[in-house]
Undergrad: 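This is the structure, below, for whatever I ask next.
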2 protein chains.
Amino acid sequence: MLTQEELFGKCPYATSQKILSGKWALIILFHLRDHKYRFNELQKALPDITQTTLTKQLRTLEAYGMITRTVYPQIPPKVEYELSALGNDFSAVLDSLEAWGNKYIEHQQHLSHLPMPQNDFR
Amino acid sequence: MLTQEELFGKCPYATSQKILSGKWALIILFHLRDHKYRFNELQKALPDITQTTLTKQLRTLEAYGMITRTVYPQIPPKVEYELSALGNDFSAVLDSLEAWGNKYIEHQQHLSHLPMPQNDFR
DNA sequence: CTGGATCCCCTCGGATACTG
DNA sequence: CAGTATCCGAGGGGATCCAG
């Protein structure tokens with residue numbers, strides 16, 4: 001029997017899980033669906049992400065073929081990130097995710113407590 | 001400015017990210033959309049998950065209000081898991097995610113290499 | 001301006017053993 | 001059957017410093 005890792009590229013859910021597991025993956029894809037972003041612009045758009053982390057996330061998404069990275073060989077450097085074809089297809093997921101997320105938020109408003117973080121079983 | 005953590009319950013993407021970040025979250029939700037599952041049945045359905053891990057994931061999803069846990073006070077114990085109302089709403093996301101995931105898999109077939117895991121920049 | 005190189009820390013997933 | 005109690009290692013996120 002295959003492990004979940006080996007299901008990458010075979011099962012759509014295992015595949016999606018790996019690609020989206022990054023803490024910033026969804027928000028980056030959401031921003032990039034509108035237009036291209038330069039590295040600096042992206043960092044400003046994401047409130048509290050460091051350079052190192054943003055670089056890692058972008059490289060990961062690029063490795064998965066979700067985004068493209070264009071380097072303009074000039075001084076000062078200019079690098080633009082945009083969605084690949086596969087990344088553009090992801091817009092449908094973002095739409096349903098946004099719709100569901102908003103409904104989730106709305107329905108959780110009247111709850112007295114927010115969910116506890118994982119591994120917290122009080 | 002709010003950190004990403006504080007956006008939980010406000011931004012649909014930050015909210016979704018936290019709920020779906022679990023390694024098994026998507027696959028568990030996918031299985032539960034069909035029918036109820038007992039703990040043991042779920043463990044058999046998921047190839048290589050341990051009891052401890054499955055328990056954690058289920059508790060997390062329950063804390064987020066995605067699933068409900070019903071305990072039948074009998075010997076031997078019987079516990080059933082099923083989607084909550086919010087969890088059922090998530091089916092739309094699962095549909096688009098499955099459609100996109102399959103397209104992603106198909107388009108990656110002709111690539112010579114699979115994406116490298118994160119932090120692996122060879 | 002864009003990010004590479006290090007180092008650190010903490011969380012999460014998992015292994016193992018035990019229990020009502 | 002369905003967990004709980006521990007312990008552990010890996011690795012992902014982040015801080016800091018440096019570089020073309």
Side-chain angles (χ1 to χ4, degrees), chain A residues 3-5 7 14 17-28 36-64 67-82 115-122, chain B residues 3-5 8 14 17-28 36-64 67-82 115-122:
Chain A
T3 69
Q4 203 203 14
E5 269 70 20
L7 288 175
Q17 194 280 326
K18 278 199 83 66
I19 297 177
L20 301 181
S21 62
K23 177 175 174 180
W24 302 91
L26 273 178
I27 304 184
I28 289 176
K36 300 177 181 178
Y37 266 97
R38 295 185 59 176
F39 186 87
N40 237 8
E41 297 171 340
L42 251 186
Q43 195 178 0
K44 286 174 198 157
L46 307 175
D48 54 349
I49 190 172
T50 62
Q51 286 184 348
T52 310
T53 303
L54 180 54
T55 299
K56 284 182 190 173
Q57 304 288 323
L58 289 171
R59 287 294 190 285
T60 302
L61 289 173
E62 187 191 3
Y64 281 130
I67 63 177
T68 62
R69 176 171 174 266
T70 308
V71 180
Y72 297 88
Q74 61 187 40
I75 306 290
K78 175 182 174 183
V79 180
E80 280 185 342
Y81 297 90
E82 59 186 319
M116 289 291 110
Q118 190 165 5
N119 289 338
D120 202 349
F121 296 153
R122 284 165 296 188
Chain B
T3 68
Q4 203 203 13
E5 268 67 16
F8 183 87
Q17 194 279 326
K18 279 198 81 68
I19 295 177
L20 301 182
S21 62
K23 177 175 174 180
W24 301 91
L26 274 178
I27 304 183
I28 290 176
K36 300 177 181 179
Y37 266 97
R38 296 184 59 173
F39 185 87
N40 237 8
E41 296 171 341
L42 251 185
Q43 195 178 0
K44 287 174 198 157
L46 307 174
D48 54 351
I49 192 172
T50 61
Q51 284 185 348
T52 311
T53 303
L54 180 55
T55 300
K56 285 181 189 174
Q57 303 288 324
L58 289 171
R59 287 294 190 285
T60 301
L61 290 174
E62 187 191 3
Y64 282 131
I67 63 177
T68 62
R69 176 171 174 267
T70 308
V71 181
Y72 297 87
Q74 61 187 40
I75 306 289
K78 177 181 175 184
V79 180
E80 279 186 342
Y81 295 91
E82 58 186 320
M116 289 291 110
Q118 189 163 7
N119 288 339
D120 201 348
F121 297 153
R122 283 166 296 190

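Worth saying up front: this structure is predicted, and the values here are computed from it rather than measured.
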Undergrad: Just the rounded figure in Å: distance from P of D:dA2 to CD of B:E62.
TA: 15 Å

Undergrad: Do B:L54 and B:I28 have side chains that approach each other closer than 4.5 Å (heavy atoms only, starting at C-beta)?
TA: yes

Undergrad: Please determine, for the side chain of B:R59, which listed nucleotide (D:dT4, C:dG4, C:dG13) has the closest atom?
TA: D:dT4

Undergrad: Counting only side-chain N and O atoms of B:R38, is one of them less than 4.0 Å from OP1 or OP2 of D:dC1?
TA: no

Undergrad: Counting C-beta onward and ignoring hydrogens, is there a side-chain heavy-atom pair between B:F39 and B:Q51 closer than 4.5 Å?
TA: yes

Undergrad: Using whole Å, what does the distance between atom P of nucleotide D:dG3 and atom CG of B:L54 come to?
TA: 8 Å

Undergrad: Quick one, B:L58 and B:L42 - any side-chain contact, counting heavy atoms below 4.5 Å?
TA: yes

Undergrad: Just how far, in rounded Å, is P of D:dA2 from CG of B:L58?
TA: 11 Å

Undergrad: Would you say a side-chain N or O of A:Y37 is under 4.0 Å from OP1 or OP2 of C:dT2?
TA: no

Undergrad: Rounded to whole angstrom units, what separation is found between the CD atom of A:Q4 and the C1' atom of C:dG13?
TA: 11 Å

Undergrad: Under 3.5 Å between N/O atoms: give me all the protein pairs with nucleotides 5-10 of chain D, atom names plus distance.
TA:
| from | atom 1 | to | atom 2 | distance (Å) |
| --- | --- | --- | --- | --- |
| D:dA5 | N6 | B:T52 | OG1 | 3.2 |

Undergrad: Can you tell me the distance, in whole Å, between the CG atom of A:L20 and the P atom of D:dG12?
TA: 15 Å

Undergrad: I need the CD1-C1' distance between A:I49 and D:dG14, as an integer number of Å.
TA: 10 Å

Undergrad: Closer than 4.0 Å, any side-chain N/O of B:Y81 to the OP1 or OP2 of D:dC1?
TA: no

Undergrad: Between C1' on D:dG14 and CD on A:Q57, what's the gap in Å once rounded to a whole number?
TA: 11 Å

Undergrad: Please figure out whether A:V79 or B:K18 has its closest DNA chain C nucleotide nearer the 5' end.
TA: A:V79

Undergrad: Residues from residues 67-77 of chain B sitting under 4.0 Å of DNA chain D, heavy atoms only?
TA: B:R69, B:P76, B:P77

Undergrad: Take the protein atom CG of B:D48 and the nucleotide atom C1' of C:dG14, then report the distance between them rounded to whole Å.
TA: 10 Å

Undergrad: Any side-chain N or O of B:W24 below 4.0 angstrom from OP1/OP2 of C:dG14?
TA: yes

Undergrad: Would you call A:E62 and A:R59 a side-chain contact if the rule is heavy atoms closer than 4.5 Å?
TA: yes

Undergrad: May I ask you to evaluate whether B:Q51 reaches the phosphate of D:dT4, defined as a side-chain N or O under 4.0 Å from OP1 or OP2?
TA: no

